[in-house]
Undergrad: 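Just dropping this structure here.
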Amino acid sequence: MNSLLSHRLRPQPTLSIEEDNLIRKLLISHDPDGRWLDSEQLLGAMENIMCYATTSDLQVSDIYRDALTIDNESNIEIFGSIEPLGHTIYRLSHEILCKCSGEGDLHTRTMNIFDLLRSYRWDAKVVLVLSAFATSYGEFWLIMQLYPQNPLAVLVAMLKQLPSNMNALKPRFKALRLVVRTMVDVTKCIIKFEGLPIRHLKLDDEKISTTKSKIFIAAYWITRSTLICSSHIKDLIAFKPEQVHNVAVYRSSNSTTVATWELSSLVYRLSSMFSRLKQHVDACHRQTEIKMHQKILEVLQESHADNQEVLRMLFALKNDFPLKNCSTQEKLGVSDLRDKVVILLVSKPEILPLEELFLLIHQTYDHPDKKLEGSYKIVWIPISFSDTWTEDEEISFEFLSSSLPWYSVRKPKLLDSAVIMFIKEDLDFRDKPIMVVLDSNGMVTNLSALDMVVVWGARGYPFSVSKETELWKEEKWKLKLMIEEINPLFTKYAEVGKTICLYGSSNLDWIREFNAKMQEIISKGLQVELVYVGEKNPNEKVRNILGVIHEEMHSCLLSFAEIQFFWFRLESMRKSIVKLGEIADTDHILKEVSALLDDDENNNGWAVFGKGSSPNIVRLQGNKLMECLNLFPEWAENVAKLGFIGALRYAIEPPHVLNEPCSHSTVTSYEEGSAEETVLCEKCNRLMKKFVVYE
């Protein structure tokens, strides 16, 4: 508390002696003990009460629209306090109602409220006071709105001697609503200032000190005004029925004039206070935003023992529990991410198209290596590009943040503006989702990991650029790379070395011709699985073709969603490779992927033949493919010696005539059946000798 009192030891030339003395008394009664309350959330609940209490013509659609928000507000609690929030509000409400017109002057009763709330921050004090008032105000209007249709409301109103005709009271309630609305505006300024990361930054001391003084005085007048408003509610019980029922007499009475004047004076005082306070708070906000942005950049460039300081700068300067577990809705602090690799998934509130989102979930949630579970966490940071979140964005966030298997920022709308500036400017977030990886020490190891995660899934751990480079250097262009993780059955086929033919086209006549020819070849005893993968950017035409293939040809099918996965993953492969720059081992992979994604002739038909991890893979376009298949009787005799794929390659690319022996070699990982498989040289297209290497 000494540090708080020191704030007032410095002279404040803008304050009167009376205000200076008031602030000294307020600071003596202020002794926060670390308990924390989500003031913004509680204020939202209070505003909802005032809205429903003062609006008699709410539509059912309005109620349904707000239902989700109200449900979320039911989980508000005070962290660090043994007393539940409901008990605190009840105790305050009792204190306000019992003393709003009781013994002692108004100032003394106001200071008594501050004594009760000495352990809370300034924003929590005023929000709790407003919430206590809202409960009594809401209870009054709940009875009056149900009256006279509800017998219970009639009986309660009778016992409380509440007026049955509210017409004469409209001017007073109009003034009362204006007072409450202005108090809420001032409270929002206090919350905004209290949420600024002042203690983490070096700011203009004089500007901060002046703003704090105005915050203290504003908190006092909000509390005092609440007592005055409560006294007006309590006074209704004292009115005799004939006073209220005679509208003309009531409105012309001295008590009505005095009451309306008193409330109007409060509105004027609070409005002037709000105008001045807002200017100071906005100035402090601008200063902290600039300083905060610089601080974030500095912290990310420094080395740390863990990731806590970095995560606190990004998420926890306003809120001790800024995250939530989307699966359980449990509130989380940044300490729950200690010693973990953290992947920041930044996106608009709708993230990705659903089919791409499902693939991303599959790649990050299904861990073949159980050792990886818990070693990294994904934190979703939804950011809107509009000044205020739209209703659709809020609905999307609420749905996805209750469905995803990741962590999420609990209140993305309240992210510090400096953090949003950092994400947009320094992390280069524009429109498409990005994944930024922080290692367990808070160091950025990958600024663009989304494509890596889509391609490799958990195998990419710890998702650094160096790991991404390592994976591509070890990889070869093979069928398993193309279909891995798309469909469990085909992944299994690839693992056992089964020959698979991936083909695509939007030309149904070509598809029928190709399938007929392949079935003719398969009938000769060859084992080849035909898999239709549609075309890039699958549409309804591809969906219809899937139905035709299922009815007429009965070949192995991917679902429409799996076809979308296939092309999304191919595109991610290309982006991942291009991002890393030139890597000799991936030149061939990039060439083949780009050929599938970019070739305009692909719509006329194409096919890729391969076996599991074997680099012996053949890609042919429609016309050339059909020409080669029609000549199958001429090269069928090579199938027994070279295998189907080898014989096919031998047919389309006869061995090169060389003046000297070819010295090309390649290393292929072992899989079942690979020892007996023949392999053609990529350079000269001749049979290669085999040697077994043990590691």
Undergrad: Using salt bridge (charged side-chain N to carboxylate O under 4.0 Å, His left out) as the criterion, list what pairs up with Lys207, not counting sequence neighbours.
TA: none
Undergrad: So which atom in Leu92 and which in Ala132 form the shortest heavy-atom distance, rounded to 0.1 Å?
TA: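 Heavy atoms only, the tightest pair is CB-CB, 3.7 Å.
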Undergrad: Closest approach of Ala305 and Asn441, non-hydrogen atoms and distance?
TA: O-OD1, 3.1 Å
Undergrad: Identify the heavy atoms of Glu393 and Ser386 that sit nearest to each other, and give their distance.
TA: OE1-OG, 3.8 Å
Undergrad: Of the options Ser347, Ser401, Ser408, which is the one that meets Trp380 in a side-chain hydrogen bond (donor to acceptor under 3.5 Å, both in side chains)?
TA: Ser347
Undergrad: With Ala124, which residues qualify under side chain to side chain contact (heavy atoms under 4.5 Å, CB included), at least two apart?
TA: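 Expected list: Leu37, Ser39, Tyr120.
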Undergrad: What is the minimum heavy-atom distance between Leu400 and Pro349, and which atoms define it?
TA: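 Taking Leu400 first and Pro349 second, the nearest heavy atoms are CD1-O, 3.5 Å.
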Undergrad: Would you call Ser396 and Trp389 a side-chain contact if the rule is heavy atoms closer than 4.5 Å?
TA: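 With C-beta onward as the side chain, the pair stays apart.
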Undergrad: Closest heavy-atom contact between Ala153 and Leu146?
TA: CB-CB, 3.6 Å
Undergrad: So which atom in Ala175 and which in Val267 form the shortest heavy-atom distance, rounded to 0.1 Å?
TA: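 Shortest heavy-atom contact: O-CG2, 4.2 Å.
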Undergrad: What salt bridge (charged side-chain N to carboxylate O under 4.0 Å, His left out) pairs are there with at least one residue in residues 277-305, not counting sequence neighbours?
TA: Lys192-Asp282, Lys278-Asp282
Undergrad: Counting C-beta onward and ignoring hydrogens, is there a side-chain heavy-atom pair between Ile434 and Leu427 closer than 4.5 Å?
TA: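 In contact.
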Undergrad: Does Glu40 pair with Lys411 as a salt bridge, N-O distance under 4.0 Å?
TA: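 The answer is no: the pair does not qualify as a salt bridge.
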Undergrad: Who are the ring-ring contact (aromatic ring centres under 6.0 Å, His included) partners of His87, not counting sequence neighbours?
TA: none
Undergrad: With Asp123, which residues qualify under salt bridge (charged side-chain N to carboxylate O under 4.0 Å, His left out), at least two apart?
TA: Arg121
Undergrad: Taking only residues two or more places apart in sequence, or in another chain, which ones meet Leu159 in a side chain to side chain contact (heavy atoms under 4.5 Å, CB included)?
TA: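 With neighbours one apart ignored, the set is empty.
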Undergrad: Salt bridge between Asp115 and Arg118, side-chain N to carboxylate O under 4.0 Å?
TA: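 Looking at Asp115 and Arg118, the cut-off is met.
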Undergrad: Of all residues at least two apart in sequence or in a different chain, which pass the salt bridge (charged side-chain N to carboxylate O under 4.0 Å, His left out) check with Glu83?
TA: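 With neighbours one apart ignored, the set is Arg91.
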Undergrad: Can you pull out every ring pair (Phe, Tyr, Trp, His ring centres under 6.0 Å) where at least one residue sits in residues 290-329? Sequence neighbours excluded, please.
TA: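 Pairs touching residues 290-329 that pass the test: Phe79-Phe321.
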Undergrad: Give every residue pair that meets the salt bridge (charged side-chain N to carboxylate O under 4.0 Å, His left out) criterion with at least one member in residues 133-143, sequence neighbours excluded.
TA: Glu139-Lys160
Undergrad: Atom CD of Gln308 and atom CG of Asp306: how far apart are they, to the nearest 0.5 Å?
TA: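 If I round to the nearest 0.5 Å, the distance is 5.0 Å.
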Undergrad: Evaluate the side-chain proximity of Asp439 to Asn307: yes if any heavy-atom separation is below 4.5 Å, no if none is.
TA: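 Of all side-chain heavy-atom pairs linking Asp439 with Asn307, none is under 4.5 Å.
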Undergrad: Which distance, rounded to the nearest 0.5 Å, do you find between the OG1 of Thr88 and the CG of Leu117?
TA: 8.5 Å
Undergrad: Once ring-ring contact (aromatic ring centres under 6.0 Å, His included) is applied, do any residues pair with Phe429, and if so which ones, sequence neighbours excluded?
TA: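 For Phe429 the ring-ring contact (aromatic ring centres under 6.0 Å, His included) partners, ignoring immediate neighbours, are Phe385.
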Undergrad: Who passes ring-ring contact (aromatic ring centres under 6.0 Å, His included) against Tyr220, sequence neighbours left out?
TA: His107
Undergrad: For Asp339, check salt bridge (charged side-chain N to carboxylate O under 4.0 Å, His left out) against everything at least two apart and list the hits.
TA: none
Undergrad: Can we say Asp38 and Arg410 salt-bridge, meaning some charged N sits less than 4.0 Å from an Asp/Glu carboxylate O?
TA: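 Looking at Asp38 and Arg410, the cut-off is met.
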